[in-house]
Amino acid sequence: ETLDKGLEKTKTTFFSKLTKAVAGKSNVDDEVLDNLEEILVSSDVGVDTTLKIIKRIEERVAVDKYLGTDELNKILREEIAGLLAENNTGNETDFVIPESKKPYVIMVVGVNGVGKTTTIGKLANQFKKAGYSVVLGAADTFRAAAIDQLQIWADRVDIPIVRQQMGSDPASVAFDTLQSAVSQNADVVIIDTAGRLHNKVNLMNELTKVKRVMQKVVDDAPHDVMLVLDGSTGQNAFEQAKQFTAATEVTSLAVTKLDGTAKGGVVIGISDQFKIPVKYIGVGEGIEDLQVFNKFEFVDSFFK
Ligand code: GDP
């Protein structure tokens, strides 16, 4: 029920618009499809993904000849879940890490302000609650505030953090963090990195170097490169996904601030377009407001 609350705005907007779009209509015709297209685009699903969904519904309308509007919800649900299926298995509910990797190293990337630090703090808290020992690494050394904020979360969750002075080499912090984690026999390492979107080559070089240096300690690190995106920023989030996937191999997404937006459809569009699984969604500022992304629950929450 936290998920429903977190997605309240998207849910009410999406559903009420959909209801309006089919009002007085008994079957899915061109006008309904046009309205649907507009609803999906205005929910930030993205044009490409929207057109894909509309096309699939058109195909079903063509096959069935007559498609009642009361069936539209069901079909939309199936199509959206189907799109997400390509990247997300959908059954995830718990905060778990693979047992074979120890320490399991998560490198977190994303621009300032998207909720990166908060997501790391929430995630560390969940992992700790699940019984894992967690170490944080403050390798976003560009801003003193980034290091201090991460420290606050480390204190709050009561876990160790490895940090150096502002301006120090991010790769050096990452190296120290992994060494510390190995010596403590820690289960999970979460490394905060590169908060600025400088030019692509610099970003790429910095992330590549951090990875290379980490591999001197844990040879297959990082096990996950998680990009944090602000779900309320629509096209900016798409743009950031484009830039970061060009700079490094992003293996998962965390989409934040879905509680503050009616445009939760961005999750569908980004996951579809970049073929990267969404692992976590942020639905509030509190420490508990992070959820493992479950596509069935997510899609259902739109239609409840
Ligand atoms: P960073 O610069 O990317 O590290 O961003 P922060 O973690 O400092 O977060 C920026 C702001 O966004 C803070 O005020 C957070 O409380 C807020 N924030 C982060 N995640 C969420 C979320 O899921 N929902 C809401 N409403 N606010 C969030």
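Just so it is clear, the structure is predicted and the values come from calculations on it, not from any experiment. All ligand and atom numbering here is 1-based and tracks the order in the structure.
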| Check: Glu38/Ser42 side-chain N/O donor and acceptor closer than 3.5 Å | no
| message | Just by distance, no angles: are the side chains of Gln151 and Asp155 close enough, under 3.5 Å, to form a donor-acceptor pair? | response | yes
| said: Any carboxylate oxygen within less than 4.0 angstrom of a Lys/Arg side-chain nitrogen, looking at Arg77 and Asp300? | reply: yes
| said: Can you report which non-hydrogen protein atom sits closest to atom 5 (O) of ligand 1, along with the distance? | reply: Gly115 N, 3.1 Å
| task | For atom 22 (C) of ligand 1, grab the closest protein heavy atom and report residue, atom and distance to one decimal in Å. | result | Gly284 O, 3.1 Å
| Salt bridge check: are Lys275 and Asp272 linked by an N-O gap of less than 4.0 Å? | yes
| note | protein heavy-atom neighbour closest to atom 11 (C) of ligand 1 works out as Lys257 NZ, 4.0 Å
| Ligand-residue contact atoms, ligand 1 with Val111, heavy atoms, under 4.0 Å | 3 (O)
| query | Is a side-chain donor-acceptor pair under 3.5 Å present for Gln164 with Ser172? | reply | yes
| message | Does anything in residues 97-126 form a ring pair (Phe, Tyr, Trp, His ring centres under 6.0 Å)? List the pairs, not counting sequence neighbours. | response | Tyr104-His223
| query | So, are Asp94 and Lys129 salt-bridged, with charged N and O less than 4.0 Å apart? | reply | no
| request: Tell me which protein heavy atom sits closest to atom 2 (O) of ligand 1, plus the residue, atom name and distance to 0.1 Å. | output: Gly113 N, 2.6 Å
| note | The atoms of ligand 1 lying under 4.0 Å from a heavy atom of Asn112, numbered in the order shown, are 2 (O), 3 (O)
| Counting heavy atoms only, which part of Val283 comes closer than 4.0 Å to ligand 1: side chain, backbone, both or neither? | backbone
| query | For the rings on Tyr132 and Phe95, is their centre-to-centre separation under 6.0 Å? | reply | no
| said: Suppose we measure from atom 4 (O) of ligand 1 to each protein heavy atom; which comes out shortest, and what is that distance? | reply: Thr117 OG1, 2.4 Å
| query | Which ligand 1 atoms are under 4.0 Å away from a heavy-atom of Gly282? | reply | 23 (O)
| task | Pick one of side chain, backbone, both or neither for how Lys122 approaches ligand 1, counting any non-hydrogen atom pair under 4.0 Å. | result | side chain
| query | For atom 8 (O) of ligand 1, what's the nearest protein heavy atom and its distance? | reply | Thr118 OG1, 4.1 Å
| request: Answer yes when Arg60 and Glu78 have at least one side-chain N-carboxylate O distance shorter than 4.0 Å, and no when they do not. | output: yes
| query | Closest non-hydrogen protein atom to atom 13 (C) of ligand 1, residue and atom name please, with distance? | reply | Glu285 OE2, 4.1 Å
| message | Starting from atom 24 (N) of ligand 1, what is the nearest protein heavy atom, named by residue and atom, and what distance separates them? | response | Asp259 OD1, 2.8 Å
| query | Any idea which atoms of ligand 1 are less than 4.0 Å away from a heavy-atom of Lys116? | reply | 1 (P), 3 (O), 4 (O), 5 (O), 7 (O)
| query | Measuring from the heavy atoms of Asp230, does anything fall under 4.0 Å of ligand 1? | reply | no
| Does a donor on one side chain and an acceptor on the other come within less than 3.5 Å for Lys211 and Thr248? | yes
